[in-house]
Amino acid sequence: MPELPEVVVTLRGVSPHIVGKRVVSVAVREARLRWPVPEELPALLCGQALLEGRQRGKYLLFRFAEGHLMIHLGMSGSLRIVRPDTPVGKHDHVDITFADGTVLRYTDPRRFGTIQWLVDAPEQHPLLCHLGPEPFAEAFSGDYLYQASRGRKVPVKQFLMDNKVVVGVGNIYANESLFRSGIRPTVAAGKVSRARFGVLAEQVREVLARAIEQGGTTLRDFVGGDGKPGYFKQQLYVYGRGGENCLQCGALLREVRQGQRATVYCPGCQR
DNA sequence: CCCAAGACCTGGCGGC
DNA sequence: TGCCGCCAGGTCTTGG
């Protein structure tokens, strides 16, 4: 899925086409996502104007007068703007049509994503209330990571991917930011020094920012809100490169599994 | 509380 | 060409 950069790119891509517009119809062709799409969604949305779009971690939040539409893209989801006459594909599960004919289309082959309607403040929702800081917020710093990690035995990579620690860092960007920081992914989070966490916090922001600039990372099916793929893949140092040579030192990149996810690192550059 | 593993899905790929 | 197992951007749930 989309990690933070892909979510941000999606939000930026779709927002200009839908903010300020009124919903006239909602088509739910497949409600079986991670949790069922509410049956009342069409009735809830129709007639309301979309007031604002924002993002919290990997969740997209669209504010309406009466509540928020919350969308998560799971592993394979995408959201984009299509013309009203665009043919419907097998995995195009939901369409939200606005008064001027603009269609916001949700596509998700694996159906790990979710679409929910929130009546109360999003921050209080069970899925959002325990989330850690946004990586670009001031609260996310080396000192914060250092404090949060004391006594923790989990490998630092899994620590970094924990949404209670910081949101938005998934498998691609965890691998990449650890490489850029020279930190071995397998070391216990509690053993990483304050100084190294300082570097890591900086590199997390750096790698996410660069990826956003490039329109995200497209591995197979990600497309931004305008239907275009992202180009950050060309700048990946380690993700998907196990067994190949390190672009920095030439050593063979090592691939291991951590928490059922592929981890790739350079045994020379990351210690 | 902390941590590891299982669960949820479809589709693409490599190997035989 | 066909079938089989493995892998994939996430994260909630369960069990120790």
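Every value quoted in this text rests on a predicted model; they were computed, and no experiment measured them. So that the names make sense, note that chain A is the first sequence line, chain B the second, and so on, each numbered from 1.
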Are any of [X]'s side-chain N or O atoms less than 4.0 Å away from OP1 or OP2 of [N]?
| X | N | answer |
| --- | --- | --- |
| R261(A) | dA8(C) | no |
| K58(A) | dT11(C) | yes |
| H91(A) | dT10(B) | no |

For [X] and [Y], does a side-chain donor sit closer than 3.5 Å to a side-chain acceptor?
| X | Y | answer |
| --- | --- | --- |
| Q214(A) | Q234(A) | no |
| N175(A) | Y173(A) | no |
| T263(A) | Q258(A) | yes |
| K157(A) | N171(A) | yes |

How many Å lie between [atom1] on [X] and [atom2] on [N], as a whole number?
| X | N | atom1 | atom2 | answer |
| --- | --- | --- | --- | --- |
| H130(A) | dT13(C) | NE2 | P | 11 Å |
| Q158(A) | dT11(C) | CD | C1' | 13 Å |
| H72(A) | dC8(B) | NE2 | C1' | 14 Å |
| Q116(A) | dT11(C) | CD | P | 15 Å |
| K157(A) | dA4(B) | NZ | P | 13 Å |
| I172(A) | dC7(C) | CD1 | P | 18 Å |
| Q258(A) | dG10(C) | CD | P | 14 Å |
| K153(A) | dA4(B) | NZ | P | 11 Å |

Would you classify [X] as touching base, sugar-phosphate or nothing, given that sugar-phosphate means primed atoms plus P, OP1 and OP2, and contacts are heavy atoms under 4.0 Å?
| X | value |
| --- | --- |
| Y59(A) | sugar-phosphate |
| Y173(A) | nothing |
| K90(A) | sugar-phosphate |

Carboxylate-amine/guanidinium proximity below 4.0 Å for R241(A) and E255(A): no
State whether R54(A) and E123(A) are salt-bridged, where the test is any N-O pair (Lys NZ or Arg NE/NH1/NH2 against Asp/Glu carboxylate O) under 4.0 Å. yes
Using the 3.5 Å cut-off, write out each protein N or O paired with an N or O of nucleotides 5-7 of chain B and the distance between them.
| from | atom 1 | to | atom 2 | distance (Å) |
| --- | --- | --- | --- | --- |
| dG6(B) | N7 | Q260(A) | NE2 | 3.3 |

Could you list the donor-acceptor pairs under 3.5 angstrom formed by side chains in residues 15-23 of chain A, with sequence neighbours left out?
| from | atom 1 | to | atom 2 | distance (Å) |
| --- | --- | --- | --- | --- |
| S15(A) | OG | L11(A) | O | 2.8 |
| K21(A) | NZ | H17(A) | O | 2.6 |
| K21(A) | NZ | D100(A) | OD2 | 2.6 |
| K21(A) | NZ | T102(A) | OG1 | 3.4 |

Heavy-atom neighbours of Y144(A) OH exceed 12 at 6.0 Å: yes
Taking atom CZ as the centre, does R150(A) end up with more than 12 heavy-atom neighbours from other residues, nucleotides or ligands that are less than 6.0 angstrom away? yes
Using a strict heavy-atom distance below 4.0 Å, which residues from residues 105-114 of chain A are in contact with DNA chain B? P109(A), R110(A), R111(A), F112(A)
DNA chain B: 5'-proximal contact among R32(A) and R152(A) (nearest heavy atom): R152(A)
Which heavy atom in R196(A) sits nearest to a heavy atom in G182(A), and how many Å separate them? NH2-O, 2.8 Å
Can you figure out which of [options] approaches the side chain of [X] most closely?
| X | options | result |
| --- | --- | --- |
| N171(A) | dG10(C), dA8(C), dT11(C) | dG10(C) |
| V154(A) | dC12(C), dT11(C), dC3(B) | dC3(B) |
| L127(A) | dC12(C), dG10(C), dT11(C) | dC12(C) |

When the P atoms of dG12(B) and dT11(C) are compared, how many Å lie between them, rounded to an integer? 23 Å
Rounded P spacing from dT14(C) to dC9(B) in Å: 15 Å
To the nearest 0.5 Å, what is the distance between CG on L4(A) and NZ on K58(A)? 8.0 Å
Shared-cluster residues of V256(A), by chain and number - hydrophobic side chains joined below 4.5 Å: Y265(A)
Give me the other members of the hydrophobic cluster that L61(A) sits in, counting Ile, Leu, Val, Met, Phe, Trp and Tyr linked by side-chain heavy atoms under 4.5 Å, directly or via other members. W35(A), Y59(A), M70(A), L118(A), L127(A), L128(A), L131(A), V167(A)
Paired and unpaired positions of DNA chain C as dot-bracket, Watson-Crick or G-U wobble under 3.5 Å, | denoting a partner strand: .|||||||.|||||||
